[in-house]
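Some notes on the structure that comes next.
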Number of protein chains: 2
Amino acid sequence: MTRKGVATRQRIVEGAAAEIRERGIAETTLDHVRARTGTSKSQLFHYFPDGKDQLLLMVARYEADRVLTDQQPQLGDLTSWPAWQGWRDRVVDRYLTQGMDCPLSGVIAQLGRTTPGAAAVVSELMTRWRSEIAAGIRHMQEIGEVDPGLDADRSAKALLAGIQGGVMVMLATGRIDHLEAALDMGIESLRR
Amino acid sequence: MTRKGVATRQRIVEGAAAEIRERGIAETTLDHVRARTGTSKSQLFHYFPDGKDQLLLMVARYEADRVLTDQQPQLGDLTSWPAWQGWRDRVVDRYLTQGMDCPLSGVIAQLGRTTPGAAAVVSELMTRWRSEIAAGIRHMQEIGEVDPGLDADRSAKALLAGIQGGVMVMLATGRIDHLEAALDMGIESLRR
DNA sequence: CGGTTTTTGGACTCACAGGTCCATTCTAAT
DNA sequence: ATTAGAATGGACCTGTGAGTCCAAAAACCG
């Protein structure tokens, strides 16, 4: 594949992701992607021979990566209480900005049970996300700010679940307060 | 509408709900619903003149009701720590049994942004669910088992978010541990 | 009963989205 | 410069699934 080829391919994935974010997964057709990215049918199937499902899977990967990179550098540096607060603000801000669209949830709802790859993308995202949070908790335990008796992994799971649910509630209702409550209470429960 | 009519209508909604639970929203067509419920095209459009979207909305309502009724009577009687534990087990059990399908999330992903009604169904579900949890917390405060300084609504929001996220993680990855961690830590944070 | 409305069956239409194909143009390497 | 392989344009095909329509059967009501 030539340089031009990879550029086109990338353009297609990003365009598809943007299109899905805007119109939702159910309403996005290949023609929409075509129009937005200025490509032809043949290009779509040239770069994604397995068709729409394959493209959607690539979009899922792309969006999954974004979820974590959008939280950096804060997520990777949970080494003080102000840092935790900064991360918390970052997460809230991201979803506030993004508004009521979660590209991933849509893609998963569509591919989830059929395509095995889609579930793997989310699984990996959750694992990485949780382990970053857990690392932060362990660091706080080491510097004596968190009870060393706490199960860091379990707390990370609960906190992550709270975030996910908070985002979900926001997507469905437009309200950010559940996400804030989950984050704040999750962090508070560490401090004691 | 005659008695026979309402029965048919009900049969269609329940059949559609079951079909969606089994095959997923993206794969469910009106013909599938037809086949399962033993109805004809004309019946579908007789009872749901606005077509598929209207039917889906009814399914969403039906499933939203089920979510809460499936948690009764425990959810309505959070009056002691064993009762909380019983509720927690009930929730875990329900989602464990149900497996990796959340009819609502799919329906929302499909209708969410387009149909205003779909978002309303979820909003109302969340509100009712949260207020039941909050009522439980307040009761525990009244009998002196929970710190009266705690903001019951805020705690309920966080706990609900944890449940939602736990379910979501389970749907995506098949793992129940996030849901358990969220529930357990949420309840623990009340006890102290 | 008789007339009226509701319910039902199923054939039909139609738009559209995914996917195929081939001809043409461009890229890059020798 | 030539040539093989990659990239592109766009016409075309096709299955399918939502939605329409009319006529027949059943239910209701006086």
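Lettering of chains follows the sequences in order, A, B, ..., and the numbering in each one begins at 1.
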Q. Passes salt bridge (Lys or Arg N to Asp or Glu O under 4.0 Å), Arg138(B) versus Glu142(B)? Steps please.
A. CA-CA 6 Å; Arg138(B) 283 201 200 88; Glu142(B) 279 162 23; over 6 Å; no
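Nearest to the side-chain atoms of Ser42(B) among the listed nucleotides dT20(C), dG9(D), dG9(C) stands dG9(C). Among the nucleotides dG18(C), dA18(D), dA7(D), the one closest to the side chain of Leu30(A) is dG18(C). Checked against dG18(C), dA6(D), dA18(D), the side chain of Lys41(A) finds its nearest nucleotide in dG18(C). Checking dT6(C), dG18(C), dA18(D) against every side-chain atom of Phe45(A), the shortest atom distance belongs to dG18(C).
Between the side chain of Ser40(B) and the base of dG9(C) there is at least one donor-acceptor pair of N/O atoms closer than 3.5 Å.
The distance from atom CG of Asp31(A) to atom C1' of dA17(C) is 7 Å, rounded to the nearest whole Å. Between Phe48(A) atom CZ and dG19(C) atom P the separation is 13 Å, expressed in whole Å. Taking atom CD of residue Glu19(A) and atom P of nucleotide dA17(C), one finds them 12 Å apart after rounding to whole Å. Taking atom CD of Glu27(B) as the reference point, atom C1' of dG17(D) lies 13 Å away to the nearest angstrom. Per the geometry, CZ belonging to Arg34(A) stands 15 Å off P belonging to dC16(C), to the nearest Å. One interatomic measurement links the two molecules: CG of Leu44(A) to C1' of dC21(C), which rounds to 15 Å at whole-angstrom precision. Rounded to a whole Å, the CD atom of Gln43(B) is 16 Å from the P atom of dA18(D). Computed from coordinates, the Asp50(A) CG to dG18(C) C1' distance equals 13 Å when rounded to whole Å.
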Q: Indicate for each nucleotide in nucleotides 24-30 of chain D, in 5' to 3' sequence, whether protein heavy atoms under 4.0 Å reach the base (B), only the sugar-phosphate (S), or nothing (-).
A: --SSS--
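For dT8(C), one of the phosphate oxygens OP1 or OP2 lies less than 4.0 angstrom from a side-chain nitrogen or oxygen of Tyr47(B). OP1 or OP2 of dT8(D) lies within a sub-4.0 Å distance of a side-chain N or O belonging to Thr8(A).
For the residue pair Gln74(A) / Gln85(A), no side-chain donor-acceptor distance below 3.5 Å is found, with atom types taken as modelled.
Distance CZ/Arg90(B) to CG/Leu183(B): 14.0 Å, rounded to 0.5 Å.
Listed for the Gln141(A) side chain is a donor-acceptor partner under 3.5 Å among the backbone atoms of Leu150(A).
Among pairs with a residue in residues 181-192 of chain A, those fulfilling side chain to side chain donor-acceptor pair (under 3.5 Å) read Arg88(A)-Asp184(A), Glu188(A)-Arg154(B), at least two apart in sequence or across chains.
Aromatic ring pairs are classed by plane angle as parallel below 30°, tilted from 30° to 60° and perpendicular above 60°; the pair Trp81(A) and Trp84(A) is tilted.
Contact of the Glu27(A) side chain with the Glu22(A) side chain is not registered, since no non-hydrogen atoms from C-beta on lie closer than 4.5 Å.
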